[in-house]
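Structure first, commentary second.
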Amino acid sequence: MSIERYNPREAEPRWQAYWTENRSFEAAEDAARPKYYVLEMFPYPSGRIHMGHVRNYTMGDVIARFRRALGYNVLHPMGWDAFGMPAENAAIERGVHPKSWTYENIATMKRQLKSMGLALDWSREIATCDPSYYRHEQAMFIDFMEKGLVERKVSMVNWDPVDHTVLANEQVIEGRGWRSGALVEKRELAQWFLKITAYSDELLSALDGLDKWPEKVRLMQKNWIGRSEGMRFSFALEDAQGKLLNEKLTVYTTRHDTIFGASFCAISADHDLAKRLSGSDQGLDAFRREVAALGTSEETIERAEKKGYDLGLYARHPFREGVRLPVYAANFVLMGYGEGAIFGCPAHDQRDLDFARKYGLPVIPVVAPRGTDAADFMVGAEAFVEKEGDNTVLINSDFLNGMGVPQAKAEIATRMEAMGIGERKVNFRLRDWGVSRQRYWGCPIPIIHCASCGIVPVPKAQLPVTLPDDVSFDKPGNPLEHHPAWKHVDCPACGKAARRETDTFDTFIDSSWYYARFCSPHADVPVTEEAAKYWMGVDQYIGGVEHAILHLLYSRFYARAMTATGHLAIKEPFDSLFTQGMVIHETFRTLTGEWVLPADAVQQDGKWVHAKTGEALEVGGVEKMSKSKKNVVDPDDIIARYGADTARWFMLSDTPPERDIEWTESGAEGAWRFTQRVWRLVNEAATASGSDPAASLELCRAAHKALQAVTEDLSALRFNRAIARIYELANALNAAHGKAEPAAVREAASFLILMSAPMMPHLAEECWQALGAKGHVVDTPWPKADPALVVDDEVTIAVQVNGKRRDEIRIAKGTPAAEVEAKVRGLESVVRSLEGRPIKKVIVVPDRIANIVG
RNA sequence: GCGGGCGUGGCGGAAUGGUAGACGCAACGGACUUAAAAUCCGUUUUCCCUCAAGGAAGUGCGGGUUCGAUACCCGCCGCCCGCACCA
């Protein structure tokens with residue numbers, strides 16, 4: 001008898017149609033059932049889905065289908081993070097309108113996602129560029145304003161002087177604008193800010209409660225918020241002649257204990273004092289321009305060589321009579337942190353040390369390991385930065401000598417407070433969230449600027465403020481600014497001619513509340529109370545680790561801001577978070593260095609050549625799939641060739657989900673072969689015959705053990721392990737073919753189908769029919785393993801001598817340690833390994849191991 | 001530069017203080033076939049030993065804790081992610 005091969009091309013669309021017609025995945029609130037909200041980070045509609053999407057959405061889908069089978073009322077929605085710069089770039093480069101470009105991409109990607117067979121509730125689809133979505137964003141912004149969570153202040157942007165446009169950090173390449181090539185300048189601009197810093201403490205302390213988030217993400221957020229306990233204090237300033245000036249220099253430090261090691265002060269190039277002095281100092285002016293050319297990226301600033309400009313001013317040391325510290329403007333001091341001014345203690349800070357060596361400033365060690373002789377302790381090329389647990393002591397520090405660091409800090413703080421020159425201060429690294437963007441393709445900020453009334457919010461009845469469609473990208477800069485009519489509006493307060501805000505929102509705003517909108521996507525409020533109460537928070541959120549800080553922190557802030565304004569009643573949006581790894585692939589390039597698509601690379605006589613031109617190819621590294629290196633595989637091609645189930649299966653097998661996965665042709669083929677193997681095994685099971693009772697019990701145990709393990713693995717998102725267990729069951733089923741009782745074979749086959757279903761839903765439905773089972777897999781509950789069949793009554797215990805494995809014994813499960821010890825002592829292999837030495841000790845871990853020490 | 005992570009056979013990985021290498025891929029040998037594909041059966045960490053039995057080494061590198069370390073601690077090396085206007 002021959003079995004026809006499984007044909008996914010025919011079967012997959014058929015089952016997708018069935019689920020759609022059956023409305024299998026449309027969710028509705030149901031108080032009688034426990035809910036489960038699974039959400040994957042929604043995609044930016046860039047054009048076509050990529051393998052990273054396939055991986056992300058497959059994982060979410062497995063969870064959704066698994067939870068559904070377990071009896072949960074599952075919400076699994078999908079939408080589009082549809083505003084953003086690529087749409088404008090397409091408009092500038094190819095003349096397509098951002099709106100049509102975006103909606104065409106959405107149509108393509110939606111078709112692609114549908115072909116993956118995802119268990120999504122498409123009736124809840126949202127696109128952030130739709131006014132029905134962003135009108136709520138505008139209304140909430142006004143609510144936030146009323147709550148005092150919005151502020152307008154000046155901040156720095158990257159300015160391209162040729163294109164007359166603000167550049168994102170990623171558009172600044174080596175200090176130049178990516179399109180114009182012009183040297184980028186920093187420029188001050190009045191911008192809107194959301195006061196996320198109002199929640200600094202709260203966002204930090206609530207991290208402790210997020211026990212189902214990866215520890216690394218919590219740590220990254222903690223460090224990002226960066227709470228520090230330090231001091232703010234002021235130095236008296238004098239000029240070169242020693243004349244006291246009517247000006248103080250206020251600095252922030254967390255290392256006030258090292259004040260006796262101070263050898264200079266440094267202020268940011270954007271510090272008020274630097275700005276004022278540069279008017280009369282050309283050298284300083286040039287220095288400030290040089291620093292401005294670095295742009296606004298903290299990474300660039302901190303990587304740049306440490307440089308300073310001597311201001312010719314001196315700060316009087318508060319505790320050392322007659323000692324004065326030169327004051328510099330320096331490129332590594334950030335205006336946005338603390339006071340934008342520091343004192344430098346080169347011996348105990350690497351940046352300060354680099355700076356001091358460059359400008360020939362003294363290096364005075366003031367902290368040393370306890371027991372070191374102060375006279376001998378020197379700092380060379382590396383600053384002495386103490387680590388946790390170090391036992392250190394203050395030296396060269398007058399009244400602080402001999403104290404530990406915490407005690408010295410307390411002493412300095414007390415003295416400075418008594419002197420009235422400073423106070424203890426908690427500081428945060430976290431800055432307020434600048435949400436203004438000088439771009440077209442984003443949500444308009446609902447504000448009107450009136451010459452007489454000032455800033456006036458657009459009345460809610462007039463919302464949404466919609467984007468005009470008739471815009472031109474011919475001129476550089478923001479099209480909303482150039483639009484002939486859009487920005488002209490009457491002031492809602494006084495009725496006089498006024499001007500609309502032409503900035504749009506940061507797209508991070510769009511993605512900071514979409515999880516809530518999915519609960520009631522068609523409501524005329526951002527989210528209805530009943531829907532939010534039932535569905536929130538997200539039980540399982542899944543996305544890339546690249547969002548570990550910004551998106552997740554902004555979302556956490558938004559949940560709080562929405563709660564403060566009565567839109568939500570929950571502070572943490574994501575109960576459990578999973579960060580999945582990237583999809584990587586081999587790279588190929590021609591001998592002239594051009595990247596080649598993997599689809600065009602073929603092996604001939606062991607060498608790689610271009611399939612079309614026959615050119616020889618070099619195999620490069622295995623790297624993140626990217627268009628620039630062309631090491632991409634199109635999901636459409638894979639699905640057309642093998643079907644969605646194969647692609648889904650491959651994405652989950654072998655590699656742990658949090659790690660990067662390498663897409664390989666052979667791995668995909670292996671997954672494809674397995675789909676066929678399952679099909680064959682199930683068809684054989686449907687016509688099973690056999691009569692070996694031992695094989696039946698063995699198969700039965702194997703099936704129940706596999707079920708138990710897979711259930712646990714899927715609950716814990718260990719997809720790769722679940723798949724390994726499914727392979728084992730398939731092997732067991734194969735081995736039992738023709739031997740085991742038909743009933744046992746059918747049970748094992750049905751477990752195999754149901755366990756594979758979250759990963760390979762189409763094949764599972766097809767197999768279910770072939771097995772002649774009732775109903776459909778999509779409506780079949782998850783089976784339960786029989787505990788009696790899961791435990792073995794005999795176990796294998798490893799026998800070690802001095803920690804080295806020498807033997808193993810089979811023994812009844814639960815045999816007491818004393819009995820095991822007696823049995824093990826007499827083993828021939830143990831006696832031989834001991835080589836006549838007496839036994840000193842025997843360690844027995846019941847059911848696991850026995851270790852004889854001799 | 002700062003913050004965070006990862007590192008195990010030819011490859012992806014399993015084992016989170018107790019038998020290192022489950023499961024998959026690749027490779028090799030065999031069966032079936034006129035042949036190929038597909039499928040099925042078997043072998044596969046390295047080294048010593050003709051085989052067997054047995055032994056030694058081995059989880060990026062160097063140290064430490066422990067009866068026992070891939071896992072815990074300290075110091076390095078390599079790779080990856082984030083750094084506030086990419087999404």
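- Looking only at distances, no side-chain donor or acceptor of A:S555 sits under 3.5 Å from a matching main-chain atom of A:L552.
- Under the side-chain hydrogen bond (donor to acceptor under 3.5 Å, both in side chains) criterion, no residue pair touches residues 651-664 of chain A, with sequence neighbours excluded.
- Residue contacts shown for A:W433 are absent, as no nucleic acid heavy atom lies under 4.0 Å away.
- RNA chain B lies under 4.0 Å from at least one heavy atom of each of the following residues of residues 838-849 of chain A: A:I843, A:V845, A:R848, A:I849.
- Using modelled atom types, one finds no donor on one side chain facing an acceptor on the other under 3.5 Å when comparing A:R805 with A:N851.
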Nucleotide-resolved protein contact map, nucleotides 25-32 of chain B, B/S/- at heavy-atom distance under 4.0 Å: SS------
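- Which of B:A57, B:G4, B:C85 sits closest to the side chain of A:M220 comes down to B:G4.
- Listed nucleotides: B:G3, B:C85, B:U19. Nearest to the side chain of A:R437: B:C85.
- One atom, CD1 of A:I726, and another, C1' of B:A14, lie 16 Å apart when rounded to the nearest Å.
- Closest to the side chain of A:M582, out of B:G13, B:A84, B:C80, is B:C80.
- Taking side-chain N and O atoms only, A:N734 has a distance below 4.0 Å to OP1 or OP2 of B:C41.
- Rounded to a whole Å, the CE atom of A:M651 is 14 Å from the P atom of B:G13.
- Listed nucleotides: B:A84, B:G1, B:C41. Nearest to the side chain of A:E302: B:G1.
- Residue A:S297 is classed as a sugar-phosphate contact, given heavy-atom separations below 4.0 Å to backbone atoms only.
- With hydrogens and angles ignored, no donor-acceptor pair closer than 3.5 Å exists between the side chain of A:Q800 and the base of B:C67.
- When the side chain to side chain contact (heavy atoms under 4.5 Å, CB included) test is applied to A:N223, the partners found at least two apart in sequence or on another chain are A:L219.
- Contact check, A:T507 against B:A87: a side-chain N or O comes under 4.0 Å of OP1 or OP2.
- Of the candidates B:G5, B:U19, B:C85, the closest approach to any side-chain atom of A:R805 belongs to B:U19.
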Base-pair map of RNA chain B as dot-bracket, where | denotes pairing with a different strand and pairs are Watson-Crick or G-U under 3.5 Å: (((((((..(((.....[....))).(((((.......))))).((((.....))))..(((((..]....))))))))))))....
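- Counted by atom type alone, A:T165 and A:D160 present zero donor-acceptor pairs between their side chains at under 3.5 Å.
- Side-chain proximity of A:V157 to B:G4, B:A56, B:C85: nearest is B:C85.
- Under the side chain to side chain contact (heavy atoms under 4.5 Å, CB included) criterion, A:T815 pairs with A:I811, A:A812, A:E819, A:V820, sequence neighbours left out.
- For A:R659 against B:C6, a side-chain-to-base donor-acceptor contact under 3.5 Å is absent.
- The base of B:C83 lies outside donor-acceptor range of the side chain of A:E298, with no N or O pair under 3.5 Å.
- The residue from A:Y554, A:F505, A:Y199, A:W192 that alone fulfils the ring pair (Phe, Tyr, Trp, His ring centres under 6.0 Å) condition with A:W433 is A:Y554.
- Note on A:N720: every side-chain N or O is 4.0 Å or more away from OP1 and OP2 of B:G13.
- Of the listed nucleotides (B:G4, B:A57, B:A87), B:A87 has the atom at the smallest distance from the side chain of A:H547.
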